[in-house]
Structures are given as C-alpha cells and as structure tokens.
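So the structure is just underneath, and the comments pick up after that.
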Amino acid sequence: MRTQVGIVGAGPAGLLLSHLLHLRGIESVVLEARGRDQIESTIRAGVLEQGTMDLLTETGVGARMRAEGAVHHGFELAFEGQRRRIDLTGLTGKSITVYAQHEVLKDLVAARLAANGALYFNVSGTSLHGVDTDTPSIRFTHDGEAQVLHCDFVIGCDGSQGVSRAAIPAALRNDYERVFPFGWFGILVEAPPSSDELIYARHERGFALVSTRSPNVQRMYFQCDPKDSADQWSDDRIWAELHARVDSSDGRHVVEGRIFQKNIVGMRSFVSATMQHGRLFLAGDAAHIVPPTGAKGLNLAVSDVRVLSRALDAFYKERRTDLLDAYSATALRRIWRAEHFSYWMTRMMHRLDDASPFEQRLQVAELEHVTTSRAAATAMAENYVGSVAV
Ligand code: PHB
C-alpha cells in the first residue's frame, strides 16, 4: 500500500488531520487500533473553543455541532458558598460550545467515509519504520493480514499510550511531566441542567464541576482519589459530595437524576519536546496531556493539526520544508500556554493535600481576584476561549 501521509490513530487529531488534508488534495490513510463503535462511544470531555468551532464549521463538519451543541457565553466559579460569573463573551467577544468529543468523532468519521477516505479500524501490531529517511513506512495487521503502508510522512496521533512517541529516540526527546495526586470522578446523569452555564467549584472537600451534554443529560465531576474504584461509590454518596461542594448559600443546588455512567480519570500534565523526528510528527495526546480543568485537550489536538496541515500543504504545493521544520516550535508555544493555564486552574481549584492553611487562603484570594478584577478575569477568559496570542 502507498499513500502520501500515513496517520496512526483515529482520535480527534488523526481524523481531523485526514479531513483537512483531503480538503487540500492530499491523500492519507488512517490506522486505528480500536473499533469504530469504541471510538464513537468513549466518553471524553466536551468543550470546544471558538477557534475549534470555527474550523469545524469552515471545513464542512460543523452542522450537527451547531444544531445539537450548546453555545455558552460564560461560566461560573463557585467558592465560599457563592457563585461568580466569568463573562467570556463580554470580556473576549468569543464563546465556547459544549459538544461531546465522541460526537465530533462521529461527524469526522462520517465525513471521511463519505469522501471515500481510507480508514482502517481494529488494526494491530502497528510499528513505524525508517521515519528518519525519506521513505518511511508503517507495518500493521488488519483482518488477519500483515500490511506495509509506504508514505512520505508518518503522523503519530495515537495518544499517550501509542507507539509513535517511542519512535523518537529517547536521547532526542525531553519529556516534561507532572502527575497530580488526585483524579476526577465523572458521572452522566439523566436530569435537567442544574445551571445555564458550567460551574467550576472550589471547596474544602475538593473540586467539583457541573457540565452538560444535552437538555436531558448532564455531566458532572468531583475530585477523588485516583486509586478509588467507581463501584465503591453509591449514588447517595455521590450526590452528598456534589451538594456539599457545589450548592450555594442562596439555595441554588445541583439537580439530581438517574446516574447511568460512572468513571474515574487520573490527572497529569505532560509535554514531549520535540514533536518531530525526521518524517515523523506527533500531534494531540501523543505529544502532550493537560489535566481536564482548563478543557484544553481536544482544542490542542485541533490546533496541532491545523498547523501541521498547512505545513504539509506548503510541502506538497511548493516543496517548502520550512513550515514542517518549524512545526514543533510553533505547536509547542500554544501547548505550553495551555499547559500553564490548565496547571494554574487545577492548582487554584483543587484540594491539595500538601497545602497549608495559608496556601488554602491564597486559593480563595486568587478566586476573589479573578472574579473582581476585570484585567484578571479577561486573562482567564482569553485562555479559556483560546484567544491568547502565542
Ligand atoms: C465536560 O463537559 O466533560 C468538561 C467540561 C469542562 C471541563 C472538563 C470537562 O473543564
């Protein structure tokens, strides 16, 4: 088999890159270890920055997002028994859309298949070869048959556990990592929304987040021990925790409903630099992880492949390699901005077991500041909607 761009991984980065390349007349093949059902049903985060929304719309895959996603113009910060609003649109002129990641994936898979895009699910034994030559290849097994895909470029979009990052020699790579000693317990609930906008809550018992999926389905999270098991938590215990952390003293409270999904996710920050080795380029979670507090993960994957698709276009149309050579540095500027924002928000909102009472009061002082100073609120809002220049 032969193609121009071989893409490992059919997550947001891999599928969107394949779609963007197709629109520029560049051929690609996407290889995915999981099945189509699995990628289309795995519950992940759901906040799309304005730039992500605009890109999906401009490239013809935004119709369902516009019909079914919810546009939000602000969010709330809950602390010390009260709620204060960050007016995203008033402060930045931009907004966000709450639309689940697996819905974005469904839309991208449908668009690729409608354009006869080559998408292979359930592949196994994927390995990368000759990525530091001009003739790289990918070996894999599909439907019981061993295959070799020859390509001009290999793009590793196979997440933090994939094979791609390991194909960059460790001696050429700097891995930067911070593992947080807590996780998020996530639930999906059949209930009306508890609030018109997302609520990020800081409480002595720990962080909580009230998000949404549709008028009838809500997504909520609360900080937990990452080693805890979701079965240890009865519905009553979950509601008690959410009420304690989110309900405000003016009587506004979390609306209960039938919990139909429970899961626990770990929290870490990670950056691999460089993101390029020869003809191998990393994008999305293969190169970086952010804790979900800033809602940046999916948006970073989108900005990586936006930069990469332009660089590949310049190569194929004008034989230019300067944009490809600059890819890692260009992408990393935005990645580090998002890493800082996610880390800052995580540290401000979570119960930190090593924090002294002094440091706990500093968290509250910081929340007071971002909710009373227009300058501080604007900085937070610009980071959240993704409009900071980097
Ligand atoms: C979600 O709806 O899943 C969600 C929203 C905001 C976040 C993280 C996750 O910061």
Side-chain angles (χ1 to χ4, degrees), residues 1-23 25-44 61 100-170 261 263 272 275-287 289 298 301 304-305 308-309 312 316:
M1 294 167 74
R2 186 175 158 88
T3 191
Q4 291 178 299
V5 180
I7 299 175
V8 187
L15 288 170
L16 182 61
L17 179 63
S18 175
H19 175 63
L20 297 177
L21 293 177
H22 166 70
L23 297 178
I26 301 166
E27 196 187 276
S28 66
V29 171
V30 181
L31 307 175
E32 170 58 54
R34 296 164 299 168
R36 179 176 175 186
D37 288 355
Q38 207 185 337
I39 70 157
E40 291 190 348
S41 61
T42 304
I43 307 297
R44 304 289 297 270
V61 286
Q101 172 168 321
H102 67 277
E103 301 295 343
V104 177
L105 293 184
K106 282 186 204 167
D107 299 340
L108 289 169
V109 168
R112 290 309 297 125
L113 294 179
N116 288 321
L119 260 179
Y120 292 81
F121 291 103
N122 301 305
V123 309
S124 57
T126 302
S127 58
L128 312 185
H129 302 271
V131 295
D132 52 354
T133 71
D134 288 350
T135 54
S137 61
I138 309 175
R139 292 173 195 264
F140 63 100
T141 300
H142 185 251
D143 273 347
E145 287 197 34
Q147 306 276 1
V148 183
L149 173 65
H150 297 278
C151 38
D152 302 328
F153 296 96
V154 175
I155 315 299
C157 305
D158 49 350
S160 56
Q161 308 299 323
V163 299
S164 299
R165 192 175 60 249
I168 301 182
Q261 222 247 10
N263 70 321
S272 166
M275 294 167 68
Q276 178 199 357
H277 177 54
R279 294 234 170 173
L280 167 66
F281 294 80
L282 305 180
D285 283 5
I289 299 289
L298 169 62
D304 285 353
V305 299
L308 200 47
S309 65
L312 288 165
Y316 283 109

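The two atoms that bring Arg165 and Ser160 nearest to each other are NH2-O, 3.4 Å, heavy atoms only. For the pair Leu298 and Gln101, the tightest heavy-atom approach, listed with the atom from each and the gap, is CB-OE1, 3.8 Å. The shortest non-hydrogen separation linking Leu280 to Gly156 is CD1-N, 4.1 Å. Between Leu20 and Ser309 the shortest heavy-atom distance is CD1-OG, 3.7 Å. For Pro12 against Leu105, the heavy-atom pair with the smallest separation is N-CD2, 3.4 Å. Residues Ser127 and His129 approach most closely at OG-NE2, 2.7 Å, considering heavy atoms.
A heavy-atom distance below 4.5 Å is found between the side chains of Leu15 and Val109. At a threshold of 4.5 Å between non-hydrogen side-chain atoms, the residues Asp304 and Met275 count as touching. For the pair Val8 and Ile155, the minimum side-chain heavy-atom distance is 4.5 Å or more.
The line from CG of Leu119 to CD1 of Ile39 is 7.5 Å long, rounded to the nearest 0.5 Å. Taking OG from Ser164 and CD1 from Ile7, the interatomic distance works out to 11.0 Å, rounded to the nearest 0.5 Å. The OG atom of Ser137 sits 8.5 Å away from atom CG of Leu128, with the distance rounded to the nearest 0.5 Å. One finds the CG atom of Leu21 at 10.5 Å from the CD atom of Glu27 (value rounded to the nearest 0.5 Å).
Scanning for side chain to side chain contact (heavy atoms under 4.5 Å, CB included) contacts around Ala118 gives Val29, Tyr120, with sequence neighbours left out. Under the side chain to side chain donor-acceptor pair (under 3.5 Å) criterion, Thr126 pairs with no residue at all, not counting sequence neighbours. The salt bridge (Lys or Arg N to Asp or Glu O under 4.0 Å) check on Asp143 picks up nothing, with sequence neighbours excluded. Asp285 meets the side chain to side chain contact (heavy atoms under 4.5 Å, CB included) test with Arg44, Ile289; sequence neighbours excluded. For Ala13, the side chain to side chain contact (heavy atoms under 4.5 Å, CB included) criterion is met by Cys157, Ala283, Ala301, Val305, not counting sequence neighbours. Taking Ile43 as the reference, His102, Leu188, Arg219, Gln261 meet the side chain to side chain contact (heavy atoms under 4.5 Å, CB included) condition, with sequence neighbours excluded.
Not one N or O on the side chain of His277 forms a donor-acceptor pair closer than 3.5 Å with the backbone of Ala167. When atom types are taken as modelled, the side chain of Asp158 and the backbone of Gly9 share no donor-acceptor pair closer than 3.5 angstrom.
Residue pairs meeting the salt bridge (Lys or Arg N to Asp or Glu O under 4.0 Å) criterion with at least one partner in residues 11-22, sequence neighbours excluded, do not occur; the list is empty. Residues in residues 28-41 take part in these salt bridge (Lys or Arg N to Asp or Glu O under 4.0 Å) pairs, two or more places apart or across chains: Glu32-Arg34, Arg36-Glu40. Applying the side-chain hydrogen bond (donor to acceptor under 3.5 Å, both in side chains) test to every pair with at least one member in residues 104-119, sequence neighbours left out, gives these pairs: Ser18-Arg112, Arg64-Asp107, Tyr99-Asp107, Glu103-Lys106. Applying the salt bridge (Lys or Arg N to Asp or Glu O under 4.0 Å) test to residues at least two apart or on different chains, none of the pairs has a partner in residues 9-22. Here salt bridge (Lys or Arg N to Asp or Glu O under 4.0 Å) pairs that include residues 123-142, with residues two or more places apart or in two chains, are Asp134-Arg279.
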Distance-only donor-acceptor hits, side chain of residues 144-153, under 3.5 Å, sequence neighbours excluded:
from	atom 1	to	atom 2	distance (Å)
Asp152	OD1	Arg2	NH2	2.6
Asp152	OD2	Tyr316	OH	2.6

- side chain to side chain contact (heavy atoms under 4.5 Å, CB included) evaluation trace for Ser272 with Leu282: CA-CA 9 Å; Ser272 166; Leu282 305 180; 4.2 Å; yes
